[in-house]
A.B. asks: 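This structure is in structure tokens; I'll ask about it shortly.
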Amino acid sequence: KKSCLIFIQHYTLFFFLISLTESIFRSSCEMVSKSTNEKLKQGIAVRFHGEEGMGQGVVREWFDILSNEIINPDYALFTQSADGTTFQPNSNSSVNPDHLNYFRFAGQILGLALYHRQLVNIYFTRSFYKHILGIPVNYQDVSSIDPEYAKNLQWILDNDISDLGLELTFSVETDVFGAMEEVPIKPGGTSILVTQGNKAEYVQLVTELRMTRAIQPQINAFLHGFHTFIPPSLIQLFDEYELELLLSGMPEIDVQDWYKNTEYTSGYDPQDPVIQWFWKVVNSLTQEERVLLLQFVTGSSRVPHGGFAYLMGGSGLQKFTIAAVPYTSNLLPTSSTCINMLKLPEYPCQELLKDRLLVALHCGSYGYTMA
């Protein structure tokens, strides 16, 4: 592993800290913790030990290396999500006794990258971006860590559970120091039955337990570091998709690969005029708009290694799918991110299809179908 010299630029002076023996991750953590926030905001210059280069290219390399180290499984900070392209805080990160210090450092690095307009080579789950922004998670976010569980929650919401005899209560079974225990998700939850009337509350509380409460210390430590450089009031101007692009940049999307690895259902086929219009519209979109479309349908802006053929869904490999929806006036496209499905109304012309699609992408349509 490389070791490096990091100079914190302050006006015309350089304040430097040196490490030749530790890994870049640990030595950088120590250097950043010893410096002041004011110096770090002034500027950073990096020189790798044994190399002559300095300048912004080397700084970019430093952020890139730290990005890979943050998700290095040796530190047990983050785990890979079900889609294979994004990362989520590890609920068992306490196996590393320094995990909360390292989460704070990870937050500082991402905050510094954003402050100095540097990109990081890491993508997080949609729910973690929501945690950074202070946006509540919802049941769809569970699919990133447990697709089958997310499908079960979806089923509860979509069906009348009044006479099914499920006997669910506001509690979950969880591992407590090696033993399975029933833990309430609200006061007195073990004796409160889930009914048709309160099932939405149940789904939301279960989601918050899985996606937030289980990793609350890790989230808090990360945000402590992140907010050192980026105040909540500033970052909350963005949504989770915009934050991903701000931190990690815009990935390249191969439209031909996308087209070749798309499936159709509910009456659509590749020769359908609406489908042909759709792909003409996709080809006319800007790269940013294509990323927004991919995010809208799959929940991530990242294409898996190997291309669209390797998109993951709730039950394994799941290609990008376009389903037909009967058209009514002003109807927007919607999506089911658990199964990578775009629900595309049968628009009467290409111009209207493009208009409604762009409204959905730029304004969002989760939970809504009219605009």
A.B. asks: Between Phe105 and Phe25, is the ring centre distance below 6.0 Å?
C.D. replies: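 Yes, ring centres under 6.0 Å apart.
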A.B. asks: Just by modelled atom types, is the Thr79 backbone N or O under 3.5 Å from a matching donor or acceptor in the Asn90 side chain?
C.D. replies: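 Answer holds: no.
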A.B. asks: As a test of understanding, state which of Asn159, Leu168, Val194 forms a side chain to side chain contact (heavy atoms under 4.5 Å, CB included) with Lys199.
C.D. replies: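 Testing each of Asn159, Leu168, Val194 against Lys199, the sole residue satisfying side chain to side chain contact (heavy atoms under 4.5 Å, CB included) is Val194.
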A.B. asks: Establish, from distance only, whether the side-chain atoms of Tyr139 and Gln154 form a donor-acceptor pair under 3.5 Å.
C.D. replies: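 A donor-acceptor contact under 3.5 Å links the two side chains.
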A.B. asks: Test: salt bridge (Lys or Arg N to Asp or Glu O under 4.0 Å). Region: residues 207-233. Which pairs qualify, not counting sequence neighbours?
C.D. replies: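 Residue pairs with at least one partner in residues 207-233: Asp146-Arg210.
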A.B. asks: Mark yes or no for whether Asp158, through its side chain, and Trp155, through its backbone, hold a donor-acceptor pair below 3.5 Å.
C.D. replies: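 Absent.
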A.B. asks: Please enumerate all residues that pass ring pair (Phe, Tyr, Trp, His ring centres under 6.0 Å) together with Tyr129, with sequence neighbours excluded.
C.D. replies: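 With neighbours one apart ignored, the set is Phe124.
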A.B. asks: Which of these, Ser144, Ser127, Ser81, sits in a side-chain hydrogen bond (donor to acceptor under 3.5 Å, both in side chains) with Thr86?
C.D. replies: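 That would be Ser81; it is the only one of Ser144, Ser127, Ser81 passing the side-chain hydrogen bond (donor to acceptor under 3.5 Å, both in side chains) with Thr86.
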A.B. asks: Side-chain donor-acceptor pair under 3.5 Å between Ser67 and Asp64, yes or no?
C.D. replies: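 No, Asp64 and Ser67 have no side-chain donor paired with an acceptor closer than 3.5 Å.
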A.B. asks: Ignoring hydrogens and geometry beyond distance, is a side-chain donor-acceptor pair present between Gln88 and Gln80 at under 3.5 Å?
C.D. replies: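 The criterion, which ignores hydrogens and geometry beyond distance, is not satisfied for Gln80 and Gln88.
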A.B. asks: Taking the six-membered ring for Trp, is the centroid-to-centroid distance between Phe296 and Tyr241 below 6.0 Å?
C.D. replies: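 When the ring centroids of Phe296 and Tyr241 are compared, they turn out to be at least 6.0 Å apart.
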A.B. asks: Is there a donor-acceptor contact under 3.5 Å linking the side chains of Lys343 and Ser336?
C.D. replies: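 Yes.
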A.B. asks: Using a strict threshold of under 4.0 Å (side-chain N to carboxylate O), is an ion pair present between Glu148 and Lys151?
C.D. replies: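 So Lys151 pairs with Glu148 through a salt bridge.
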A.B. asks: Does a donor on one side chain sit under 3.5 Å from an acceptor on the other, for Gln216 and Asn220?
C.D. replies: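 Yes, because at least one side-chain N or O of Gln216 sits under 3.5 Å from a partner of the opposite role on Asn220.
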A.B. asks: Would you confirm whether Asn340, through its side chain, and Gln318, through its main-chain N or O, come within 3.5 Å as a donor-acceptor pair?
C.D. replies: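 Flag set: sc Asn340 to bb Gln318 pair under 3.5 Å.
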A.B. asks: Quick one: sort the Trp279 and Phe320 rings into parallel, tilted or perpendicular, breaks at 30° and 60°.
C.D. replies: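 Taking Phe320 first and then Trp279, their aromatic rings sit tilted (interplane angle of 30° to 60°).
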A.B. asks: What do you reckon, is NZ of Lys280 surrounded by more than 12 foreign heavy atoms closer than 6.0 Å?
C.D. replies: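 12 or below, so no.
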A.B. asks: Is there a path of hydrophobic side-chain contacts, each under 4.5 Å between heavy atoms, that joins Leu100 and Ile109?
C.D. replies: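 Different clusters: Leu100 never reaches Ile109 through Ile, Leu, Val, Met, Phe, Trp or Tyr contacts under 4.5 Å.
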A.B. asks: Would you tell me whether Asp257 and Asn261 have side-chain atoms, one donor and one acceptor, within less than 3.5 Å of each other?
C.D. replies: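 The criterion, which ignores hydrogens and geometry beyond distance, is satisfied for Asn261 and Asp257.
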A.B. asks: Can you confirm if the aromatic rings of Phe78 and Phe103 lie within a centre distance of less than 6.0 Å?
C.D. replies: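 Close enough - the centres of the two rings lie under 6.0 Å apart.
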A.B. asks: Quick one: does any side-chain atom of Gln204 pair with a main-chain N or O of Glu201 as donor and acceptor, under 3.5 Å?
C.D. replies: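 No, because the side chain of Gln204 does not come within donor-acceptor range (under 3.5 Å) of the backbone of Glu201.
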A.B. asks: Looking at Tyr268, is its backbone amide N or carbonyl O close enough to the side chain of Asp272 to form a donor-acceptor pair, meaning the two atoms are under 3.5 Å apart?
C.D. replies: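 Side chain of Asp272 to backbone of Tyr268: no pair is present.
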A.B. asks: Please tabulate, one pair per line, all N/O donor-acceptor pairs under 3.5 Å involving side-chain atoms of residues 221-237, not counting sequence neighbours.
C.D. replies:
{"from": "His227", "atom 1": "ND1", "to": "Leu223", "atom 2": "O", "distance (Å)": "3.4"}
{"from": "Thr228", "atom 1": "OG1", "to": "His224", "atom 2": "O", "distance (Å)": "3.0"}
{"from": "Thr228", "atom 1": "OG1", "to": "Gly225", "atom 2": "O", "distance (Å)": "3.2"}

A.B. asks: Any donor-acceptor pair under 3.5 Å linking the side chain of Ser33 with the backbone of Glu30?
C.D. replies: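 Yes.
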A.B. asks: Taking it one step at a time, do Ile322 and Met341 satisfy side chain to side chain contact (heavy atoms under 4.5 Å, CB included)?
C.D. replies: CA-CA 6 Å; Ile322 304 177; Met341 179 178 287; over 6 Å; no
A.B. asks: Verify, without hydrogens or angle tests, whether Ser191 (side chain) and Gly188 (backbone) share a donor-acceptor contact under 3.5 angstrom.
C.D. replies: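 It does hold such a pair.
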A.B. asks: Whether the Ser93 and Gln218 side chains hold a donor-acceptor pair (N or O, under 3.5 Å, no angle test) is what I'd like checked.
C.D. replies: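 Yes.
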A.B. asks: Between Phe87 and Tyr123, does the ring centroid distance fall short of 6.0 Å?
C.D. replies: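 They do not qualify: ring centres at least 6.0 Å apart.
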A.B. asks: Is there a path of hydrophobic side-chain contacts, each under 4.5 Å between heavy atoms, that joins Tyr115 and Trp62?
C.D. replies: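 Per the 4.5 Å side-chain linkage, Tyr115 and Trp62 are co-clustered.
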